[in-house]
Amino acid sequence: QVQLVESGGGSVQAGGSLRLSCAASSATSSSASMAWFRQAPGKEREGVACFYSGPGRDYYADYADSVKGRFTISRDIPKNTLHLQMNSLKPEDTAMYYCAYTRGWWTRCPRPPEVNSWGQGTQVTVSS
C-alpha cells in the first residue's frame with residue numbers, strides 16, 4: 001500500500017498562488033495514476049488534475065475545466081513526489097486537497113471510488 005503525505009496548503013488572498021506537494025512512501029508504478037482531488041464542505045470530492053498512462057506508456061495530464069490555465073500538475077519520479085502549482089486562486093478553490101494513487105492503466109483520470117490510496121489532505125483557503 002502506497003502511503004501519501006500532502007503539504008503546502010494554507011490561506012491566501014484571491015489572485016495568489018500556492019504549491020502543493022505529495023510525497024509517496026515508495027516508488028509508484030509506471031502504470032499507475034497520480035492525481036489531486038478536492039472536497040469543499042457539503043460537496044462531493046472532485047478531481048482537480050491527474051497524470052495517467054495507457055498501455056503505450058505515454059503519460060497524459062488532464063485538468064478539471066474549472067482549473068485549466070491556472071493549475072499545473074507535475075511529477076518528480078526519482079523523488080516519488082507529486083506537485084500542484086495553483087495560480088490565480090479564487091475563493092471557490094477553497095477546499096481540502098487530497099493526493100491520490102490508483103493502480104493500473106487508464107484512459108482518463110480515475111474517479112474517487114476507483115482510487116487505491118489517499119493522503120490525509122491539506123487545507124487550501126482563498127479569501128476574497
Side-chain angles (χ1 to χ4, degrees):
Q1 185 84 350
V2 174
Q3 305 295 321
L4 305 170
V5 178
E6 302 96 335
S7 60
S11 297
V12 295
Q13 291 190 327
S17 298
L18 284 173
R19 179 177 169 87
L20 306 184
S21 296
C22 171
S25 59
S26 59
T28 54
S29 169
S30 61
S31 63
S33 169
M34 295 292 296
W36 290 98
F37 289 79
R38 68 185 181 187
Q39 188 167 18
K43 294 188 176 181
E44 293 185 352
R45 192 167 296 189
E46 63 175 1
V48 176
C50 88
F51 280 118
Y52 63 90
S53 178
R57 301 200 174 188
D58 290 330
Y59 275 102
Y60 299 92
D62 199 10
Y63 299 87
D65 288 342
S66 58
V67 306
K68 282 181 181 177
R70 301 188 297 121
F71 291 10
T72 302
I73 190 171
S74 62
R75 185 174 182 179
D76 188 336
I77 295 176
K79 295 184 178 180
N80 298 327
T81 57
L82 185 73
H83 302 284
L84 185 68
Q85 178 66 43
M86 305 186 295
N87 298 328
S88 302
L89 283 161
K90 304 176 181 180
E92 51 263 43
D93 295 318
T94 295
M96 187 72 79
Y97 283 70
Y98 298 90
C99 179
Y101 173 82
T102 313
R103 293 185 296 270
W105 303 115
W106 293 88
T107 57
R108 56 166 173 78
C109 292
R111 302 184 180 105
E114 298 164 328
V115 170
N116 297 118
S117 299
W118 293 99
Q120 83 287 352
T122 185
Q123 178 68 38
V124 171
T125 302
V126 185
S127 58
S128 57

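Proximity of Q120 to E6: side-chain heavy atoms (C-beta onward) are separated by under 4.5 Å at one or more points. Side-chain contact between F71 and D93 is present, with heavy atoms from C-beta onward closer than 4.5 Å. Here the side chains of F51 and D62 are not in contact, with every heavy-atom distance at 4.5 Å or above. Residues L4 and Y101 meet the side-chain proximity criterion, which asks for heavy atoms closer than 4.5 Å. Within the 4.5 Å cutoff, the side chain of Q123 has heavy atoms near those of the T94 side chain. Proximity of S53 to M34: side-chain heavy atoms (C-beta onward) are nowhere separated by under 4.5 Å.
In the model, S21 has a side-chain atom that pairs as donor or acceptor with a side-chain atom of H83 under 3.5 Å. No hydrogens or angles considered: a donor-acceptor pair under 3.5 Å links the side chains of S17 and N87.
Ion pairing between E114 and R108 holds under the 4.0 Å rule for side-chain N and carboxylate O.
Considering only residues two or more places apart in sequence or on other chains, K43 meets the salt bridge (Lys or Arg N to Asp or Glu O under 4.0 Å) condition with none of them. Under the salt bridge (Lys or Arg N to Asp or Glu O under 4.0 Å) criterion, R19 pairs with no residue at all, not counting sequence neighbours. Applying the ring pair (Phe, Tyr, Trp, His ring centres under 6.0 Å) criterion to Y63, with sequence neighbours excluded, gives no partner residue. Partners of R111 under the salt bridge (Lys or Arg N to Asp or Glu O under 4.0 Å) rule, at least two apart in sequence or in another chain, do not exist in this structure.
R70 CZ: more than 12 foreign heavy atoms inside a 6.0 Å radius.
Between Y52 and the choices W106, Y59, Y60, W105, the ring pair (Phe, Tyr, Trp, His ring centres under 6.0 Å) rule is met once, by Y60. In summary, of the residues considered (L20, V126, T72, V12), a side-chain contact (heavy atoms from CB on, under 4.5 Å) with M86 occurs for L20 alone.
The backbone N or O of G9 sits less than 3.5 Å from a side-chain atom of T122, completing a donor-acceptor pair.
Hydrophobic clustering, defined by side-chain heavy atoms of Ile, Leu, Val, Met, Phe, Trp and Tyr closer than 4.5 Å, groups M96 together with F37, Y98, V115, W118.
Under the disulfide (SG to SG under 2.5 Å) criterion, the residue pairs touching residues 85-128 are C22-C99, C50-C109, with sequence neighbours excluded.
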